[in-house]
Each structure stands twice: as C-alpha cells, then as structure tokens.
Amino acid sequence: MFDVIIAGCGPTGAMLAAELRLHDVRVLVLEKETEPASFVRIVGLHIRSLELMAMRGLLDRIVQHGRRRPAAGFFAAIPKPAPKGLDSAYAYLLGIPQPVIERLLEEHAIELGAQVRRGCAVAGVEQDDEGVTVELADGEQLRSRYLVGCDGGRSTVRKLLGVGFPGEPSRTETLMGEMEVGVPQEEIAAKVTEIRETHQPFWLRPFGEGIYSVLVPAAGVSDRAEPPTLEDFKRQLRTIAGTDFGVHSPRWMSRFGDATRLAERYRVGRVLLAGDAAHVHPPIGGQGLNLGVQDAFNLGWKLAAQIRGWAPETLLDTYQAERHPVAEDVLDNTRAQTELLSAEPGPQAARRLLTELMDFDEVNRYLIEKITAIGIRYDFGAGPDLLGRRLRDIDVKRGRLYELLHRGRGLLLDRTERLTVGGWSDRVDYLADPTAELDVPCVLLRPDGHVAWIGDDQHDLDDHLSRWFGKPAN
Ligand SMILES: Cc1cc2nc3c(=O)[nH]c(=O)nc-3n(C[C@H](O)[C@H](O)[C@H](O)COP(=O)(O)OP(=O)(O)OC[C@H]3O[C@@H](n4cnc5c(N)ncnc54)[C@H](O)[C@@H]3O)c2cc1C
C-alpha cells in the first residue's frame, strides 16, 4: 500500500513526487513509457518556476543545463524588452531541453526516495472510502490512499473519472522543430524580422551550437496523422520567406494544434489531476510545463498534510480553488495571443495597437508578470496586497529566504521578535529579526512561498496557523 500513486513521470508528476517525499509520503510513480522522451524540444522555464527550483535547492543544478535569456518577448511573441526592475532575484528565462528538465526532476524525486516504475500504464481506477485501486494495462493491481493523474493532455485518469474537459478543439496546426541552417546568422536575422511583420506564426531562432528553432504554419501540409518531414519544413519556409535557409540535420520535428481545454474538476474523492491532464492550451508564451510544475508545487504539501493527518478539513480543496482560476487565466491569455498571431487584418491591427501599448511600462510589466506567473495572487480573503502573493527571494540574516524553504515547511518571519509558532513548530519554522527588506512586522509563508498572513498579533497568527497548518501538536 502506497500513500500516493502518481500516473505519469512528466515534469508535473516528477515535481509532485519530490514535493511529497519532502514529507516522507510513500510515493510510487507509474510511467507508461519504458524510456525517457527522445525529442529535444527546448522549453522556457519562467521566473516563478525558477523561484520554485531555488526554493527547493535545485536551481544551481538546473541552470547549468540551460541558457539564460531575457525575460521578454513572450506575449504573442511581440519583441519588447523586459520592463526594468522585475520583482524577482531570478528575472530571466531559462531555455532548457524538456527531456533534461524532466530527467533532473525525476532524479531529484528518486534521490528523495520516490519509486518510479517505467513501462506501467494506468488503465483502470476504482476508489472506496479507504483508498484507490489502480489497475495497470497488464492487469496488475496496486493500492494507494490517493492517486494523482499527471498523465498529460490525453489523461487516462481524467477519462476514467469521467471529468469533463470542455473547451475548443484544435483549429490551427503548426510545425515546430530544431535543425541546422545553411546561411549566416545575420542574413537570417534581417529576413526573419521582415517576415514576422506580416506572417505569424513564424520564427527561426538561434539556440546555440548552430541549432535553430523553426516554427511555421502547417497549413497545406496534408496528413495530420503522419509526423512532419524536413521537406515539409522547407516547403513552408519557401512559401513564407522565398528561401528555405538551407535547413538540414533536424534534431526533432513535431506538429501541434491549439486545442484549449480545462478540466471541470481537479478532484474526485481520492483522485486528483495536475498539469496537462487538467489543462491544455497552445504553447504560445511557453506556459504549459511551468503551469504543471506550479500545480504540483501547490498540491504537494497539501496532499502530504492530508496523509500525515494534520491537514485542516478544507486544505486539499484549496488546490482546485487556487489553481483552477490560474489555469483559466492562462487559457485566456493563450486564446488572446493566438488571435494576435493571425494574419487577418483585424488581429494584425490589434497586434499593432498592443505593440504600441507595450511601450507603456505598466502594460509591458503586467503582461510579463502574467506569463511568468509572478503576478499570481491567491484569494485568501481581504487584506494587504501582499496577502496571497508569493514573496520574492530576499536577503535574510542567515542567507537567502528561499534557502530556508528547502524542506518544504511553513516559515514565520518575525520582525517584532514577540511571536511564536508554538505547537506548530513541527510544521512551521521561525526566524526572528529576519531582514530590514520586509516592510511589514511579520509574515507567515506557506511551504509554496505564498504569504498566508501578515500582522503582529499572536491570537490572529494562531488562527491563521490553524487555518493552514491544522491543530497544534500540543
Ligand atoms: C511545441 C511545444 C512547445 C512547448 N513549449 C513550452 C515551453 O516553452 N514552456 C512550457 O512551460 N511548456 C511548453 N510546452 C508545454 C509542455 O510541453 C507541457 O505542458 C508539459 O509537458 C506538461 O507536462 P505534464 O507532466 O503535465 O504532462 P506530460 O509532459 O504530457 O507528461 C505526461 C506523462 O504521463 C505519461 N502517461 C500518459 N498516459 C499514462 C498512463 N495511462 N499511465 C502512466 N503514464 C502515462 C506520459 O508518457 C508522460 O510521460 C510546449 C508544448 C509544445 C507542444
């Protein structure tokens, strides 16, 4: 009997497994594929995800495998520089191959004690008052107290639960791949700028070591069931640019659509959904993996609390209450971005207008904070603007704030030096006189770094400790 079975060892499943292991939860990850993914798609880790990695001491390991790029040019690929003074110690984009981030997260989960079984596809799910019976494709049955479906956009778990996945089917198909080019970079850059004024979606971006990321419309490339070929890319490039830039030696090529769908529910009893299993949307803005990893970060400590027995009654349901609206917002911004990429005169005019508006720092900042997820504010009730937001990494007297969150526990930062976490000290750490950088007396942080309380009164603090961390131990 495991505490939690996770279906799917993609980035969401691996992150969730690691988060649960921080709290000694017995975790089994079942992954359908026998080998890790072989394609080499470069994805962008946005600011909030970099912050999460820093909060668990993983960032240094990850950064070595990626390439830092400015935190800009995401929204509908409108090329504007990043606004000044973004509120983060990690204000950049990390381009990293998806299989590498998946491997690093899986290794991290295994180091913490998670079991991963490959070649095991979840095929059946039954739940009762005590737990969940998971049936594998070969008929083997396993039991756990909870199951989380992190099994991607076509999630078997979601379908078995009968959870609706309403939204829009794919309307536009796009080809994307990474390959080498046969012409000098300067020649490409000038041509690309010219074409992008009239043709969207399109890009030809250098990724280092002579490799370019190529994105072109799939319109006219006939058989959707067949994987695209290099000849398909060349033909599309010639149609758009009048040249195929001598592309050759592809590392991978894929075709994707712009289906936009959101699960009606994230929880049915003892079974939950996270990542692409709960939401799919076009990749514009590079948010899907980030959103899934952030779902896992939100869910992990709550599910662990449920298993450890100290979770307040409603804690697990705050996962859906907090994350469903975030996904709704991401779906909406990708819908908007997709419209702005259309070559039709109306969307092109809207794009020109938004391009002008983004010269206003506040507009640019708002959009970047949305895409990078540092603008998220969970609804924790009335209170100062900081309540419900994440706290950025700041200097504290014993180093950096995020270093104090490596163990996935709550944290009270107390400038008054009068308060105590008392009977919650087995779940919540305490730091007196933390830093002058805080301009409020005391802050209670949840294990995911979101501000759960601000104040200076012990009774009020105790109420909030109970709200988030359950009954005190004594
Ligand atoms: C072209 C393109 C570019 C993208 N670029 C970005 C980007 O820059 N930034 C970004 O954040 N996102 C990007 N994304 C989105 C990102 O790839 C996904 O959102 C991300 O992979 C979702 O992670 P996941 O773990 O939720 O699901 P997945 O990565 O789909 O992982 C699900 C796992 O579950 C396994 N599985 C499936 N069924 C079962 C079963 N029945 N039993 C057991 N295991 C099962 C699968 O084999 C897989 O390993 C891009 C997507 C595309 C198509």
Side-chain angles (χ1 to χ4, degrees), residues 5-17 28-50 66 69 74 77 93-99 101-103 105-106 116-125 134-138 142 147-160 170 173-178 201 203 205 207 213-216 218 228 252-259 263 273-296 299 327 330-331 334 371-373:
I5 291 181
I6 297 172
C9 197
T12 306
M15 186 82 222
L16 180 61
L28 173 66
V29 188
L30 299 170
E31 167 54 51
K32 177 178 74 167
E33 301 296 334
T34 47
E35 298 292 331
S38 57
F39 64 85
V40 193
R41 179 165 74 220
I42 306 276
V43 291
L45 282 189
H46 284 302
I47 297 173
R48 184 57 184 151
S49 299
L50 299 172
R69 301 167 65 86
F74 313 133
L93 173 86
L94 189 75
I96 187 164
Q98 182 156 343
I101 185 76
E102 288 183 6
R103 175 173 56 78
L105 290 176
E106 184 179 340
V116 179
R117 277 177 63 183
R118 289 193 163 269
C120 295
V122 171
V125 175
V134 174
E135 183 163 322
L136 303 186
D138 65 5
L142 298 160
L147 167 70
V148 188
C150 301
D151 50 346
R154 297 194 173 90
S155 171
T156 304
V157 174
R158 188 189 64 236
K159 290 174 192 158
L160 288 167
S170 189
E173 303 274 316
T174 305
L175 303 185
M176 189 177 178
E178 285 169 22
W203 73 54
R205 286 183 185 152
F207 259 125
S213 166
V214 183
L215 184 119
V216 284
W252 63 269
M253 295 177 289
S254 74
R255 176 179 187 135
F256 60 88
D258 59 356
L273 299 170
D276 275 16
H279 36 69
V280 293
H281 55 81
I284 181 74
Q287 299 165 92
L289 183 150
N290 288 272
L291 187 60
V293 162
Q294 290 162 29
D295 283 349
L299 175 59
V330 170
L331 263 58
T334 54
I371 300 270
T372 61

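Computed from a prediction, not measured in an experiment: that's the story for all the values here. Counting starts at 1 for both ligands and their atoms, in listed order.
- The part of P283 lying near ligand 1 is the side chain, judged by heavy-atom distances below 4.0 Å.
- Between E102 and ligand 1, not a single N/O pair is under 3.5 Å apart.
- Protein heavy atom nearest atom 7 (C) of ligand 1, with residue, atom name and distance: G286 CA, 3.4 Å.
- Side-chain N or O atoms of E31 include one that pairs as donor or acceptor with a backbone N or O of E33 at under 3.5 Å.
- If you check which protein heavy atom lies closest to atom 49 (O) of ligand 1, you get E31 OE1, 2.7 Å.
- Scanning the protein heavy atoms around atom 45 (C) of ligand 1, the nearest turns out to be K32 CB, 3.5 Å.
- The shortest contact between atom 34 (O) of ligand 1 and any protein heavy atom is with G8 CA, 3.2 Å.
- Protein heavy atom closest to atom 13 (C) of ligand 1, with residue, atom name and distance, is V43 CG1, 3.9 Å.
- Looking at atom 32 (C) of ligand 1, its nearest protein heavy atom turns out to be C150 O, 3.4 Å.
- The minimum heavy-atom distance linking L273 with A263 is given by the pair CD1-CB, 4.2 Å.
- Near M176, meaning under 4.0 Å from any of its heavy atoms, are these atoms of ligand 1: 1 (C).
- Checking side-chain atoms of R158 against main-chain N and O of A277 turns up a donor-acceptor pair under 3.5 Å.
- Close N/O approach between V122 and ligand 1 is found [any backbone or side-chain N/O within under 3.5 Å].
- Residue C9 places no N or O, backbone or side chain, under 3.5 Å from any N or O of ligand 1.
- The closest side-chain heavy-atom distance from P36 to R118 is below 4.5 Å.
- Judged by distance alone, with hydrogens and angles left aside, the side-chain atoms of H46 form no donor-acceptor pair with the main-chain N or O of Q287 at under 3.5 Å.
- Between V43 and I96 the shortest side-chain heavy-atom distance falls below 4.5 Å.
- Of the possible polar contacts, none joining the T174 side chain to the A218 backbone as a donor-acceptor pair under 3.5 Å is found.
- Within ligand 1, the atoms closer than 4.0 Å to a non-hydrogen atom of E33 are 47 (O), numbered from 1 in the order shown.
- At the top of the distance list for atom 12 (N) of ligand 1, counting protein heavy atoms only, stands L289 N, 3.0 Å.
- The closest side-chain heavy-atom distance from H279 to L291 is below 4.5 Å.
- Residue contacts with ligand 1 leave out G285, since none of its heavy atoms falls under 4.0 Å from the ligand.
- Between G44 and N290, the shortest heavy-atom distance links the atoms O-ND2, 2.9 Å.
- Within the 4.5 Å cutoff, the side chain of R154 has heavy atoms near those of the K159 side chain.
- Residue contacts with ligand 1: S254 is excluded, as none of its non-hydrogen atoms falls under 4.0 Å.
- Under a 4.0 Å criterion applied to the non-hydrogen atoms of L30, ligand 1 contributes the atoms 43 (C), 44 (N).
- Considering all non-hydrogen atoms of both residues, K32 and A121 come closest at CG-CB, 3.8 Å.
- Set against the non-hydrogen atoms of G275, the atoms of ligand 1 under 4.0 Å away are 26 (O).
- With a heavy-atom cut-off of 4.0 Å, C120 touches ligand 1 through its backbone alone.
- Taking only nitrogen or oxygen atoms, main chain and side chain alike, T156 reaches within less than 3.5 Å of ligand 1.
- Below 3.5 Å of separation, one finds an N or O of G44 facing an N or O of ligand 1.
- In this structure, the side chains of D276 and T12 stay at 4.5 Å or more apart for every pair of heavy atoms.
- The shortest side-chain heavy-atom distance between Q294 and V330 does not fall under the 4.5 Å cut-off.
- Between P11 and ligand 1, at least one N/O pair is under 3.5 Å apart.
- Using a 4.0 Å heavy-atom cutoff, G292 is absent from the residues neighbouring ligand 1.
- When side chains are defined from C-beta on, R48 does not count as touching T372, because their heavy atoms never get closer than 4.5 Å.
- Residue G13 places no N or O, backbone or side chain, under 3.5 Å from any N or O of ligand 1.
- When only non-hydrogen protein atoms are considered, atom 39 (C) of ligand 1 lies nearest to D151 CB, 3.7 Å.
- Using a 4.0 Å cut-off between heavy atoms, Q98 contacts ligand 1 through its side chain alone, with no backbone atom that close.
- Under the 4.5 Å side-chain criterion, counting only non-hydrogen atoms from C-beta, D151 is not in contact with V122.
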